[in-house]
2 protein chains.
Amino acid sequence: MKLGVSPDIIPPRGHEAKRVSIMDAASEVFCRESFAGANIDMIAAEAGVSRQTIYNHHGDKEKLFVAIVRDLTERCNAGIFATISTFPDQPKDLEADLIAFAVRLNQNCICNRDGKFLRKLIQTEGERYPELFAEWREQGPGRTWPAIAARFARLAHAGFLDIDDPDVAARQFLALANAELQTTFMLGGTPDEDEVLQSATHGVRTFLRAFGKRQPAASAGKQGALANA
Amino acid sequence: MKLGVSPDIIPPRGHEAKRVSIMDAASEVFCRESFAGANIDMIAAEAGVSRQTIYNHHGDKEKLFVAIVRDLTERCNAGIFATISTFPDQPKDLEADLIAFAVRLNQNCICNRDGKFLRKLIQTEGERYPELFAEWREQGPGRTWPAIAARFARLAHAGFLDIDDPDVAARQFLALANAELQTTFMLGGTPDEDEVLQSATHGVRTFLRAFGKRQPAASAGKQGALANA
DNA sequence: ACAAATTTAGACACTCTTGTCCATTTCGTC
DNA sequence: GACGAAATGGACAAGAGTGTCTAAATTTGT
């Protein structure tokens with residue numbers, strides 16, 4: 001291993017390509033077939049790689065599985081935080097902006113490939129790998145919920161919303177935005193753009209009926225003053 | 001089969017007991033291990049029955065699985081409809097009554113053994129048995145959602161709520177009532193009574209902020225007069 | 001073009017699971 | 001107590017999947 005000197009971190013190039021295609025194929029197959037139902041030959045075929053290569057890269061089936069869950073968790077979290085950073089802190093049109101945010105969250109984090117796969121794996125194997133998914137729970141909901149809640153708290157503080165408990169409101173916001181996608185999610189389907197938009201629109205409207213200020217920002221300039229009830 | 005005359009429908013007694021204990025054990029194991037991960041010996045052991053008995057009763061693994069899904073679907077549906085029939089059509093205290101209803105729905109239909117198992121099986125195997133779960137979709141959400149929506153429509157018509165689209169409102173009601181149980185559901189856990197009550201309380205409060213009449217029933221005496229449903 | 005590393009295909013041993021068969025025992029009923 | 005139906009346990013063949021090993025082919029960096 002004398003070449004460790006200059007390239008240091010970078011293993012061969014094609015090597016990395018194989019690694020990625022193994023991970024891709026494996027998440028696909030594990031999701032479709034469940035851990036027990038998946039087999040290595042299937043993954044190898046789908047990855048366009050020989051079985052031995054998978055063993056070279058990951059050791060065994062279980063290690064491969066763990067690697068995939070970690071990978072998905074990481075990627076999904078990154079996506080969620082990226083999307084949270086687009087939260088409308090200074091909304092021009094509160095309803096439209098929140099709907100757009102809800103749609104982004106759904107499309108980029110929940111309905112996309114990674115989101116769908118991670119959800120499925122958690123549901124399917126969550127009970128069998130408590131420690132692994134405890135990790136997910138901490139990194140995922142444990143960090144993303146509070147981040148969203150903080151954004152809503154800020155929005156309320158700025159006078160755009162009338163919220164008692166931002167944590168509750170944040171969870172309800174997401175629940176409402178996804179209310180009409182539940183059955184599709186259950187069966188492992190992917191809702192199309194229209195469905196996502198519909199659900200988000202209905203959800204945000206209800207959310208604003210519950211938490212919106214009575215008079216929109218346009219008429220009263222200083223709504224922040226007396227607002228609390 | 002000469003004894004078919006008087007008992008007619010009733011097969012032997014102990015026979016039926018075995019059947020039940022096989023179904024119980026099998027749902028347990030299929031849920032815990034997924035279809036592919038479950039094995040017949042495990043089920044036999046858990047049922048306190050020999051493997052051969054399972055084959056005598058159900059033919060093969062897949063038939064057993066199908067029988068279980070149908071059984072769970074049926075039982076869950078019955079529970080949901082029974083609970084829907086307790087919907088508060090003439091609420092004394094709208095908030096309290098809706099909270100109690102939401103709690104009943106959760107405890108009796110969603111968080112109980114059957115509900116948990118059916119949900120898990122749908123999530124886990126839904127993609128692999130499209131026809132089987134299409135059946136569930138028709139019998140389940142296809143019939144229960146409209147039934148709940150009809151109840152909300154009636155409540156709105158009677159002047160207790162201000163609802164545009166009862167179908168949307170019904171889905172949002174359930175989404176809100178379960179908003180705080182999502183993570184627990186994901187990981188296959190069973191929320192305790194307090195969690196269910198908390199989530200229902202928060203959810204119903206938000207629901208009523210969105211859809212409740214501005215002035216509570218107390219002040220205006222005759223909202224019931226114009227009601228017809 | 002060379003040398004090292006990686007990939008490949010195939011064979012292999014091993015284990016686990018399904019579903020069947022059968023002789024024996026137990027159970028429920030009369 | 002006797003009869004028939006059902007349950008039992010254990011053996012069994014067949015198949016599938018995991019993980020290892022090997023020699024040959026291919027790719028990669030220099």
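Every heavy atom of this structure was used, including side-chain atoms; hydrogens, water molecules and symmetry mates were not. Naming: A, B, ... by sequence-line order, numbering from 1 per chain.
Summarising the geometry, the separation between CZ on Arg19(A) and P on dA5(C) is reported as 17 Å, rounded to the nearest angstrom. If you take NE2 of His15(A) and C1' of dA4(C), they are 13 Å apart, rounded to a whole angstrom. One interatomic measurement links the two molecules: CD of Glu16(B) to C1' of dA5(D), which rounds to 15 Å at whole-angstrom precision. Taking atom CG of residue Leu64(B) and atom P of nucleotide dT17(C), one finds them 16 Å apart after rounding to whole Å.
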request  = Go through Phe152(B) and Ile148(B) one step at a time and tell me if the side chain to side chain contact (heavy atoms under 4.5 Å, CB included) criterion holds.
outcome  = CA-CA 6 Å; Phe152(B) 275 112; Ile148(B) 298 176; 3.7 Å; yes

request  = Verify salt bridge (Lys or Arg N to Asp or Glu O under 4.0 Å) between Arg113(B) and Asp24(B), making sure each step is shown before the conclusion.
outcome  = CA-CA 10 Å; Arg113(B) 206 191 104 106; Asp24(B) 281 359; 3.6 Å; yes

request  = Test salt bridge (Lys or Arg N to Asp or Glu O under 4.0 Å) on Glu127(A) and Arg32(B) and set out the steps.
outcome  = CA-CA 7 Å; Glu127(A) 283 173 287; Arg32(B) 201 176 55 225; over 6 Å; no

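Here the closest heavy-atom approach between residue Pro88(B) and residue Asp97(B) is recorded as CB-CB, 3.7 Å. For the residue pair Ile122(A) and Leu187(B), the shortest heavy atom distance occurs at CG2-CD2, 3.8 Å.
Annotation: proximity of residues 34-45 of chain B to DNA chain D (heavy atom, distance under 4.0 Å) is found for no residue. For DNA chain C, the neighbouring residues in residues 48-63 of chain B, judged by any heavy atom under 4.0 Å, are Arg51(B), Gln52(B), Tyr55(B), Asp60(B), Lys61(B).
The ring of Phe211(A) has its center no closer than 6.0 angstrom to the ring center of Phe173(A).
Under the 6.0 Å distance and 45° angle rule, Arg119(B) counts as a cation-pi partner of Phe185(B).
Counting only heavy atoms from C-beta outward, the side chains of Phe30(A) and Thr124(A) never approach each other to under 4.5 Å.
A sub-4.0 Å separation between OP1 or OP2 of dT8(D) and a side-chain N or O of Lys18(B) is present.
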